[in-house]
Amino acid sequence: MISPFQPSFFGLTDKYTESVYEEIFNLKYHGGWSFIEAYSLPIQLRQWFVKRLVRQFKEEKEQMDAANRKAKR
């Protein structure tokens with residue numbers, strides 16, 4: 001028998017799954033993590049590393065912008 005209702009409460013949504021893979025990609029590409037290392041991290045720890053990586057890039061960009069402004073003087 002087929003249920004007329006979509007089982008939206010079982011499993012992960014496609015959007016959530018994609019966001020997890022984006023986090024793993026960024027940790028692999030920018031942080032040198034292996035897929036298994038990034039995938040095996042607890043969710044909160046993986047998200048912390050991604051947020052920290054974003055903060056690092058912002059700080060580096062600010063430093064480069066400041067150096068460029070200084071060089072143009």
Side-chain angles (χ1 to χ4, degrees):
M1 179 158 189
I2 298 174
S3 172
F5 303 106
Q6 276 290 31
S8 61
F9 49 90
F10 290 115
L12 303 175
T13 65
D14 291 339
K15 188 174 180 178
Y16 178 78
T17 302
E18 184 175 347
S19 71
V20 169
Y21 288 149
E22 283 291 329
E23 290 176 349
I24 292 170
F25 170 81
N26 285 315
L27 289 175
K28 281 182 60 53
Y29 188 79
H30 299 290
W33 294 67
S34 73
F35 178 85
I36 297 300
E37 288 172 330
Y39 187 82
S40 298
L41 282 172
I43 295 169
Q44 290 179 336
L45 188 56
R46 184 181 65 236
Q47 290 173 344
W48 182 89
F49 275 109
V50 171
K51 287 177 187 175
R52 182 61 181 93
L53 191 57
V54 168
R55 190 172 88 205
Q56 182 68 28
F57 285 139
K58 286 180 182 179
E59 290 171 0
E60 289 177 7
K61 183 181 182 319
E62 289 171 0
Q63 291 173 355
M64 288 188 338
D65 291 345
N68 285 338
R69 283 192 301 271
K70 189 175 181 180
K72 288 181 180 181
R73 289 184 187 180

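- Side-chain atoms of V20 and R46, non-hydrogen and from C-beta on, do get closer than 4.5 Å to each other.
- Checked options R52, Q44, K51; the residue passing with W48 is R52 (criterion: side chain to side chain contact (heavy atoms under 4.5 Å, CB included)).
- The two atoms that bring Y39 and I24 nearest to each other are CD1-CD1, 3.6 Å, heavy atoms only.
- Considering all non-hydrogen atoms of both residues, L53 and N26 come closest at CD2-O, 3.7 Å.
- The aromatic rings of Y21 and F35 sit tilted relative to each other, their planes meeting at an angle between 30° and 60°.
- The pair D65-R69 does not count as a salt bridge, with every side-chain nitrogen at least 4.0 angstrom from each carboxylate oxygen.
- Taking NZ of K70 as the start and NZ of K72 as the end, the distance is 15.5 Å to the nearest 0.5 Å.
- Remark: E18 CD is loosely packed, at most 12 non-hydrogen atoms of other residues, nucleotides or ligands lying under 6.0 Å away.
- Salt-bridge check for E59 with R55: passed, with a basic side-chain N closer than 4.0 Å to an acidic carboxylate O.
- Taking CZ from F49 and CG from L27, the interatomic distance works out to 8.0 Å, rounded to the nearest 0.5 Å.
- Residue Q47 forms a side chain to side chain contact (heavy atoms under 4.5 Å, CB included) with just one option from I43, V50, L45, and that option is I43.
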